[in-house]
Amino acid sequence: MQKSFNWQALVVRFILLTTAGLVGAMSVIVFLAPFDIAPAGISGVAVIMNLKLGTPIGLVTLLGNIPIQYLAYRMLGGWQIVAATVYVLVVYSIGLDILAPIFPKDGVSTNVLLNALFGGIIGGVGSGLAYRAGATFGGTSTLARILQERFGTPLSSTYLYTNLATIGLAGVVLGWEGALYATVALAMDGAVSDYILEGPSVIRTSVIITDHPQEVAQVILTELGRGVTGWEATGMFTGEKRTVLYVTISRSQINILRQLVISADSGAFMVIGQGHVAYGQGFKRVKPRLGE
């Protein structure tokens with residue numbers, strides 16, 4: 001039976017992509033460009049050219065992305081891969097030039113550090129919304145994906161190097177103080193976009209090595225209501241067989257878990273890890289992807 005097309009998901013995706021483009025444009029217009037803070041990637045080059053040559057930021061951003069998106073079309077599998085990114089780029093580029101007269105030309109604050117921070121925060125919201133809708137802001141993020149597919153270069157490394165190149169150019173042209181502020185904005189952008197994409201770090205994972213697996217597992221199941229997974233392992237130093245238990249809990253349950261494990265096996269070895277989100281029974285429901 002053929003699956004019906006989900007128009008509601010498509011509308012939600014369209015709203016997310018549009019909002020992402022406009023929010024990203026606002027971060028540049030209101031906070032970054034008025035204080036000579038160049039954003040990362042092609043947008044940063046566009047801001048530098050605007051400050052030195054007076055060229056429109058949006059138009060240069062759009063034109064600079066054309067060859068990159070063409071490469072993405074050829075190397076990443078056709079227009080379906082780049083269509084959402086192209087749409088965000090169009091909204092973003094038009095927004096940069098159309099919205100500029102609406103907002104104060106000198107920004108909303110005279111504090112450069114505040115502008116770098118909030119420029120990064122607002123830009124990160126836009127990036128995170130674009131990522132959630134299956135797109136990017138093009139430029140260096142798309143280029144990083146192409147290089148990863150072509151040469152196996154790690155995505156994070158390529159994205160970092162290309163953005164640092166833009167910031168370095170901003171330092172040479174606009175001064176190194178502006179480049180430092182641009183680095184602050186870049187760091188905030190990355191942190192906020194990760195938060196928007198993955199959510200807050202609200203879960204914890206625990207690995208417990210114990211000689212009393214039944215007692216430890218039972219007290220966790222009874223008192224916390226969390227599922228426990230166990231498997232046999234061998235200590236490489238002692239050669240002894242022990243049981244490893246794995247459990248996912250909420251952040252507020254860390255102290256309770258520690259007390260419960262100690263009460264069941266005072267000699268247990270326990271490691272607490274950090275996670276962003278858990279899907280499945282007892283945690284978040286798995287949602288279908290946008291457009292499905």
Open item on the list: Please check if the number of heavy atoms outside F35 that lie under 6.0 Å from its CZ is greater than 12.
Closed with: yes
Open item on the list: Same cluster or not: V112 versus I121, using hydrophobic residues (I, L, V, M, F, W, Y) connected whenever any side-chain heavy atoms lie under 4.5 Å apart?
Closed with: yes
Task: Least distance between heavy atoms, L221 atom then G227 atom - done: CD2-CA, 3.9 Å
Distance-only criterion, 3.5 Å: show the donor-acceptor pairs between side-chain atoms of residues 58-65 and protein atoms not counting sequence neighbours.
| from | atom 1 | to | atom 2 | distance (Å) |
| --- | --- | --- | --- | --- |
| T61 | OG1 | I57 | O | 2.8 |
| N65 | OD1 | G139 | N | 2.5 |
| N65 | ND2 | T61 | O | 2.9 |

TODO: Evaluate the criterion side chain to side chain contact (heavy atoms under 4.5 Å, CB included) for residue pair N115 and L32; output intermediate values, then yes/no.
DONE: CA-CA 6 Å; N115 281 279; L32 301 181; 5.9 Å; no
Task: ILVMFWY cluster membership beyond F237 - transitive side-chain contacts under 4.5 angstrom - done: none
- [ ] Could you point out which residue of V30, I29, V28 forms a side-chain contact (heavy atoms from CB on, under 4.5 Å) with L99?
- [x] I29
TODO: Over all heavy atoms of both residues, which pair between A20 and A130 is shortest? Give the atoms and the distance, please.
DONE: CB-N, 3.7 Å
TODO: Indicate, with yes or no, if L260 and I208 share a hydrophobic cluster defined by side-chain heavy-atom contacts under 4.5 Å among Ile, Leu, Val, Met, Phe, Trp and Tyr.
DONE: yes
- [ ] Using the test salt bridge (Lys or Arg N to Asp or Glu O under 4.0 Å), find all partners of R242 that sit at least two apart in sequence or belong to another chain.
- [x] D211
TODO: List for me each residue that meets side chain to side chain contact (heavy atoms under 4.5 Å, CB included) alongside N111, sequence neighbours excluded, and say none if there are none.
DONE: S109, L113, L114
Task: Passing candidate, side chain to side chain donor-acceptor pair (under 3.5 Å) with T243, options E232, H212, Q214 - done: E232
Task: Shortest non-hydrogen contact between G124 and V192, atoms and distance - done: C-CG1, 3.7 Å
- [ ] Give the intermediate values and the outcome of side chain to side chain contact (heavy atoms under 4.5 Å, CB included) for residues F31 and L117.
- [x] CA-CA 9 Å; F31 298 103; L117 290 171; over 6 Å; no
Open item on the list: To the nearest 0.5 Å, what is the distance between CG on L257 and CD1 on I249?
Closed with: 4.5 Å
Open item on the list: Between N50 (side chain only) and T55 (backbone N and O only), is there a donor and an acceptor less than 3.5 Å apart?
Closed with: yes
TODO: Hey, could you give me the CG/OG distance between L96 and S43, rounded to the nearest 0.5 Å?
DONE: 6.5 Å
TODO: Drop me the distance from E223's CD to Q218's CD, to the nearest 0.5 angstrom.
DONE: 10.0 Å
Open item on the list: Let's go through Q253 and R226 carefully: what are the C-alpha distance in whole Å and the side-chain angles of both, what is the deciding distance for side chain to side chain contact (heavy atoms under 4.5 Å, CB included) to 0.1 Å, and is it a yes or a no?
Closed with: CA-CA 10 Å; Q253 295 176 316; R226 298 297 187 189; 3.3 Å; yes
Open item on the list: Under a 3.5 Å cutoff, is there a donor and acceptor pairing between the side chains of Q259 and S263?
Closed with: no
Open item on the list: Can you tell me how far apart CE (M26) and CD1 (I102) are? Round to the nearest 0.5 Å.
Closed with: 9.5 Å
Open item on the list: Checking side-chain contact (heavy atoms from CB on, under 4.5 Å) between M270 and each of D265, I262, V261, which is the one that passes?
Closed with: V261
- [ ] Output the distance between atom OG (S27) and atom CG (L22), rounded to the nearest 0.5 Å.
- [x] 11.5 Å
TODO: Show which residues join Y246 in its hydrophobic cluster (side-chain heavy-atom contacts under 4.5 Å, direct or indirect), or state none.
DONE: V207, I209, W231, V244, F269, V271
Task: Short side-chain to backbone donor-acceptor contact, R204 and S250, under 3.5 Å - done: no
Task: CA sep, side-chain torsions, deciding dist, call: V90, I94, side chain to side chain contact (heavy atoms under 4.5 Å, CB included) - done: CA-CA 6 Å; V90 170; I94 293 175; 3.7 Å; yes
Open item on the list: Hydrophobic clusters here meaning ILVMFWY residues chained together by side-chain heavy-atom distances under 4.5 Å, can you tell me if L53 and V172 are in one?
Closed with: no
TODO: Examine I66 and V86 and state if one hydrophobic cluster contains both, with Ile, Leu, Val, Met, Phe, Trp and Tyr joined whenever side-chain heavy atoms are less than 4.5 Å apart.
DONE: no
Task: Exercise: identify the closest heavy-atom pair between T210 and A268 - done: CB-CB, 4.3 Å
Open item on the list: According to ring pair (Phe, Tyr, Trp, His ring centres under 6.0 Å), who are the partners of Y92, at least two apart in sequence or on a separate chain?
Closed with: F137
Open item on the list: Hydrophobic cluster membership, with links at side-chain heavy-atom distances under 4.5 Å among I/L/V/M/F/W/Y: are I48 and L180 in one?
Closed with: no
Open item on the list: Can you give me the closest heavy-atom contact between G95 and A25, atom names plus distance?
Closed with: C-CB, 3.8 Å
